[in-house]
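Keep in mind the model is a prediction, meaning the values are calculated, not measured. Every chain is numbered from 1 and lettered A, B, ... according to where its sequence line falls, protein lines coming before strand lines. Both backbone and side-chain heavy atoms feed into the values below; hydrogens, waters and symmetry mates do not.
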2 protein chains.
Amino acid sequence: MAVGSTLGRRLPVMADVAKEAGVSHQTVSRVLNDHPNVRSETRTRVLQAIDKLGYRRNLVARALVTKHSRTLGVVSFDTTLYGPASTVYGIEQAARAAGYFVSIVSLKSIDRAGVRDALDYLADQGVDGIVVVAPQRSAACALDDLPLGVPTVAVEGGEAGGVPVVSVDQVEGGRLATEHLLSLGHETVWHVSGPSDWLEAEGRVAGWRAALEQAGREAPRPLAGDWSPRSGYEAGRSLASMRNVTAVFVANDQMALGVLRAFTEQGVRVPERVSVVGFDDIPESEFFSPPLTTIRQDFGAVGRHSIEVLVRQLEGGPQERERLVVPPVFVARASTAWA
Amino acid sequence: MAVGSTLGRRLPVMADVAKEAGVSHQTVSRVLNDHPNVRSETRTRVLQAIDKLGYRRNLVARALVTKHSRTLGVVSFDTTLYGPASTVYGIEQAARAAGYFVSIVSLKSIDRAGVRDALDYLADQGVDGIVVVAPQRSAACALDDLPLGVPTVAVEGGEAGGVPVVSVDQVEGGRLATEHLLSLGHETVWHVSGPSDWLEAEGRVAGWRAALEQAGREAPRPLAGDWSPRSGYEAGRSLASMRNVTAVFVANDQMALGVLRAFTEQGVRVPERVSVVGFDDIPESEFFSPPLTTIRQDFGAVGRHSIEVLVRQLEGGPQERERLVVPPVFVARASTAWA
DNA sequence: CACTTCTTTGTTAACGCTAACAACAGTTGA
DNA sequence: TCAACTGTTGTTAGCGTTAACAAAGAAGTG
């Protein structure tokens, strides 16, 4: 690509290419859009002109007339956390592979108004579709009043207002963790949960409860955390002081780290005296002391599926009210042992 | 905002609002853009019409004529890692506060071609400016051939081709870590470095070397990792088998976790026999066993500054060849002790 | 009172592209 | 020979907005 004749001047437009190639601008457009009826000799002449002038088509002008920007909007919450970050990454990769740009709004806090603003913001910008990573009840609610006419998919969105949802089966994950601990002979399993307004936290609690119930065990009162290692640490200190605790299912790996730390400080040995299971399988978990048994979520798959569903809608499909569930995977390591 | 008369029809445009308010479309435009010369009575009539029709302005059309999209592009590498994720988050927050959208391209691998493509991709889309998170030498090189005319800022970009750079002072960080260990009476300090093509890794090595040299100590051969806990673990196994190692500066916290794990397995006590310092201060570090002494990077500040510099350029400032450096902060915890 | 100036509004022409239709050659077929 | 078709290209008219200029009235000034 050369800069050539337009050096220092304004960027070349389609008309410049047309003149250079001795055709009409419409023929240039046809070449660019792979229309069938262009003589191959004409096509090469146009391509040469494009190359010579260093022409790049103006996608804004294109979007104005086609009404499609080939941009997807993503609304997420705190992309500093491993889960959201991985999900957004998966979404971005899948979107690009499908030929779409991604415009991201990362919310600091999620109230209904914040999500609404973000959605309006994206709709204004002319995105073709939106993925909302809505792990909280409040965010999921905001999906009830969507910008009209913009196809939307929710990730981890519960029964979000009429839009398709892609999520990891949190209930199943909670069940897997709990059943594993029960199968090791533990009388019951304690639980450090995530914040109560998070759907994921709720799902894990439900799975944990279901597994205990099925085994005919009493469910102890869960300890509530906020996903942070510190909150896990505090829960861990409480648990360490209780003699009857032998198994703990912690709702994410970061809090599990805090629990492990508290146990170490209090001289509670893992897994000899207490077994611990986490959730997420962050890259660090394998190197905790001891390496953490956990439930892996395939965030990449969630991202890919959400884009698949969205693109299917964009490209003509009907607004199906589908619900895609990605199964979690149990990962055995060294933080759990026989009672 | 009501949906009103256009229910089920096409979205209302400026002309519809104009007709509703009994003015010309240009007057509507003036109201929307806060032009001074509009009679206040006219203004309220227009605003009422906007509200009644549920009108939202078409930013694509606006961008076509103004040549500004109020969108910034961000090119980053693997936003799953804590550092890049935090930086991008900081950028996004700052950009939104400044009234800009953010379009993100997250590269899987960074070769020069990949970065180039991403830049073209964004330039095509009509972004007003670009932030490149270019922590690798290869990425930084790609800044040499930038899309013409799009203001750009590099984050962690070394001496990137003529564009402003915002970064954390990695050399100073490496120095802080090493000096701390030397001040505790350690004879010398070993180093587990990041990948050699990362500028950050290089800076930390340089700081470590400088501190040792200044103290008149021999620098041992550094062990190379790839930022992952696993590579730290492997380095840790090597170090554990060497009797003369009493202090290790690890180039990031994730690898430090791996080192700690290897030491634990081999019965090497931290900090009693070996002191360990990490880098980054990820949220987990405080809860490692033992809590990790480390160097904190203020990723949020880096993001904010990069947007500041970029916006200053966009809004008329000259393309200054500036270099903004954010100082790292030493964080003392329990993984270091007197030799 | 004529003259300039200011305020408010409207009219017209872009911005760079694609869609729709028109036009023209070169076939083909009756 | 004329009509109908086919493949290729050009012409025109938008998309929805802002910029530039024009115009009309109000207000100030000598």
**Report entry** Sub-4.5 Å side-chain heavy-atom contact between B:Val153 and B:Val166
**Finding:** yes

Requested in this report: Please list, chain by chain and in numerical order, all residues satisfying salt bridge (charged side-chain N to carboxylate O under 4.0 Å, His left out) with A:Arg45, sequence neighbours excluded.
Outcome: A:Glu41

Query raised in the report: Can you check whether A:Asn37 has a side-chain N or O nearer than 4.0 Å to OP1 or OP2 of D:dG7?
Result: no

Query raised in the report: At what angle, to 10 degrees, do the two end axes of the helix from C:dC1-D:dG30 to C:dA30-D:dT1 meet, given five pairs define each axis?
Result: 50°

Query - Donor-acceptor under 3.5 Å (A:Asp128 side chain, A:Arg70 main chain) - result: yes

Query raised in the report: With sequence neighbours left out, what residues match A:Asp124 under side-chain contact (heavy atoms from CB on, under 4.5 Å)?
Result: B:Arg56, B:Leu59

Report summary line: With sequence neighbours left out, the residues meeting side-chain contact (heavy atoms from CB on, under 4.5 Å) with B:Ser86 are A:Thr80, B:Tyr82, B:Phe299

Requested in this report: Using the test salt bridge (charged side-chain N to carboxylate O under 4.0 Å, His left out), find all partners of A:Arg57 that sit at least two apart in sequence or belong to another chain.
Outcome: none

Query raised in the report: Between which nucleotides of DNA chain C, read 5' to 3', does contact with chain B run, using atoms under 4.0 Å from its heavy atoms?
Result: C:dT8 to C:dG16

Query raised in the report: For A:Arg96, which residues count as a salt bridge (charged side-chain N to carboxylate O under 4.0 Å, His left out) partner, sequence neighbours excluded?
Result: A:Glu92

Query raised in the report: Under a 4.0 Å heavy-atom cut-off, which of residues 39-49 of chain A touch DNA chain D?
Result: A:Arg39, A:Thr42

Requested in this report: Could you tell me which non-hydrogen atom of B:Ser69 sits nearest to which non-hydrogen atom of B:Ala63, and how far apart they are?
Outcome: CA-CB, 4.0 Å

Query raised in the report: Quick one: does A:Ser76's side chain have a donor or acceptor within less than 3.5 Å of a partner on A:Val74's backbone?
Result: no

Using distance only, find each side-chain donor-acceptor pair of residues 97-107 of chain B under 3.5 Å and give its atom names and separation, not counting sequence neighbours.
{"residue": "B:Ser103", "atom": "OG", "partner": "A:Val102", "partner atom": "O", "Å": "3.3"}
{"residue": "B:Ser103", "atom": "OG", "partner": "B:Gln125", "partner atom": "OE1", "Å": "3.2"}
{"residue": "B:Ser106", "atom": "OG", "partner": "B:Thr79", "partner atom": "OG1", "Å": "2.9"}

Report task. Check whether any side-chain N or O of A:Asp16 sits under 3.5 Å from a backbone N or O of A:Val13 as a donor-acceptor pair, and report yes or no. Result -> yes

Query - Test side-chain contact (heavy atoms from CB on, under 4.5 Å) applied to A:Gln26 - qualifying residues, sequence neighbours left out - result: A:Ser24, A:Ser29, A:Arg30

Requested in this report: Would you classify A:Val38 as touching base, sugar-phosphate or nothing, given that sugar-phosphate means primed atoms plus P, OP1 and OP2, and contacts are heavy atoms under 4.0 Å?
Outcome: sugar-phosphate

Could you pull out all donor-acceptor pairs under 3.5 Å where a side-chain atom in residues 302-310 of chain A meets a protein atom, sequence neighbours excluded?
{"residue": "A:His305", "atom": "ND1", "partner": "A:Ala301", "partner atom": "O", "Å": "3.1"}
{"residue": "A:Ser306", "atom": "OG", "partner": "A:Val302", "partner atom": "O", "Å": "3.3"}
{"residue": "A:Ser306", "atom": "OG", "partner": "A:Gly303", "partner atom": "O", "Å": "2.7"}

Query raised in the report: What string of B, S and - do you get for nucleotides 10-17 of chain D, 5' to 3', when a contact is any protein heavy atom under 4.0 Å?
Result: BBB-BBBB

